Amino acid sequence: MNEQEQWESVKRWLRENATFLLVGIVLGLGVVFGWRYWQEHQDQQALNASNEYGQIIDALGSGDNAKALTTLTALEKAYPQSPYVDQGRLVLARAHIDKREYGPASELLALVAESKTDPVMALVARVRLAKTQTADGKADAALTTLQAVEPGAFKAQFDEARGDALLAKGDRGGALAAYQAARSTGLAAAIDTEILDLKIADLATGAPDAPATPAADAG
């Protein structure tokens, strides 16, 4: 075809396919603008959740646990999938533990331990939950909590918490074995090895059990 015939062929193709071209353009623009809107919306949601979390921290800093709980409840309702929800639960649980309010602390920690938002945070919460249950005189519940999942990189923390629970039940031999397992796991750098060594030494030498200080140890 000569140049004129080629041009006529192009114009004919454009006329025949104009509708499809327009639809494609509209869809393409819709995807671009839709993605940008969604991304901006997500960024705003994260910012709002962050602000709510900051208010929880401020309330706890001033000793107002009631306000912190109210803000956390609002955060849970407005942004249930935000990682700030579990973080808020952890810090509020810590505040309850400091006041030896083990019941409310356990409830919050149990929620984080079962959360799917952050598997690592869930394991941290599970260890704290077990320690809190032991401090609350519920050693059997603590052992059940620790047996529910595989600890992975948190094996040393799980073993130490298991030792605490067994010691609270009067099982000195089991506690010693758990402490020694925590010390030898290769992951012991993640725990306070000086305190762990003292626990091992006390049990290995048959020294009397030291008075429990659960509130300080539960975090």
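Predicted model only: the values in this text are computed from it and were never measured.
Here the CD1 atom belonging to I97 is positioned 3.5 Å from the OG1 atom belonging to T132, to the nearest 0.5 angstrom. Remark: R89 CZ to L69 CG distance equals 11.0 Å, nearest 0.5 Å. A distance of 11.0 Å separates OG1 of T134 from CZ of R162, quoted to the nearest 0.5 Å. Between the CD atom of Q133 and the CG atom of L146 there is a distance of 8.0 Å, given to the nearest 0.5 Å. We find the CG-CD distance between L123 and Q157 to be 9.0 Å, quoted to the nearest 0.5 Å. We find the OH-CG distance between Y53 and L75 to be 10.5 Å, quoted to the nearest 0.5 Å.
Contact between L203 and L167 at its shortest, heavy atoms only, is CD2-CD1, 3.9 Å. Annotation for L60 and V91: closest pair CD1-O, 3.6 Å, computed over non-hydrogen atoms. Residues D197 and R183 approach most closely at OD1-NE, 2.7 Å, considering heavy atoms. Taking each heavy atom of L166 and L143 in turn, the nearest pair found is CD2-CD1, 4.0 Å. Residues A125 and A113 come closest through the heavy atom pair CB-N, 3.8 Å. Contact between D202 and R172 at its shortest, heavy atoms only, is O-NH2, 3.8 Å.
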- Task: Determine, stepwise, if the pair D192 / E160 fulfils side chain to side chain contact (heavy atoms under 4.5 Å, CB included).
- Result: CA-CA 10 Å; D192 190 329; E160 184 182 18; 6.0 Å; no
- Task: Decide yes or no on salt bridge (Lys or Arg N to Asp or Glu O under 4.0 Å) for D164 and K131, but give the supporting numbers first.
- Result: CA-CA 8 Å; D164 292 342; K131 290 185 175 185; 5.1 Å; no
- Would you check, one step at a time, whether the test side chain to side chain contact (heavy atoms under 4.5 Å, CB included) holds for D118 with V124? CA-CA 10 Å; D118 186 335; V124 170; over 6 Å; no
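Checking side-chain atoms of S82 against main-chain N and O of Y79 turns up no donor-acceptor pair under 3.5 Å. Between the side chain of S115 and the backbone N or O of L111, no donor-acceptor pair lies under 3.5 Å. Side chain of D136 to main chain of K138: no donor-acceptor pair is present (N/O by atom type, distance under 3.5 Å, no hydrogens or angles).
In this structure the side chain of D159 never reaches within 4.5 angstrom of the side chain of Y179, judged on heavy atoms. Within the 4.5 Å cutoff, side-chain heavy atoms of S106 are placed close to those of L129.
Under 4.0 Å is where a charged nitrogen must lie from a carboxylate oxygen, and between K67 and D58 no such pair does. A salt bridge is absent between E150 and K155: the closest approach of a Lys/Arg side-chain nitrogen to an acidic carboxylate oxygen does not fall below 4.0 angstrom.
Shown here are the side-chain contact (heavy atoms from CB on, under 4.5 Å) partners of E114, two or more places apart in sequence or in another chain: R126.
When each of R128, Q87, M121 is paired with V112, the side chain to side chain contact (heavy atoms under 4.5 Å, CB included) condition holds for M121 and for no other.
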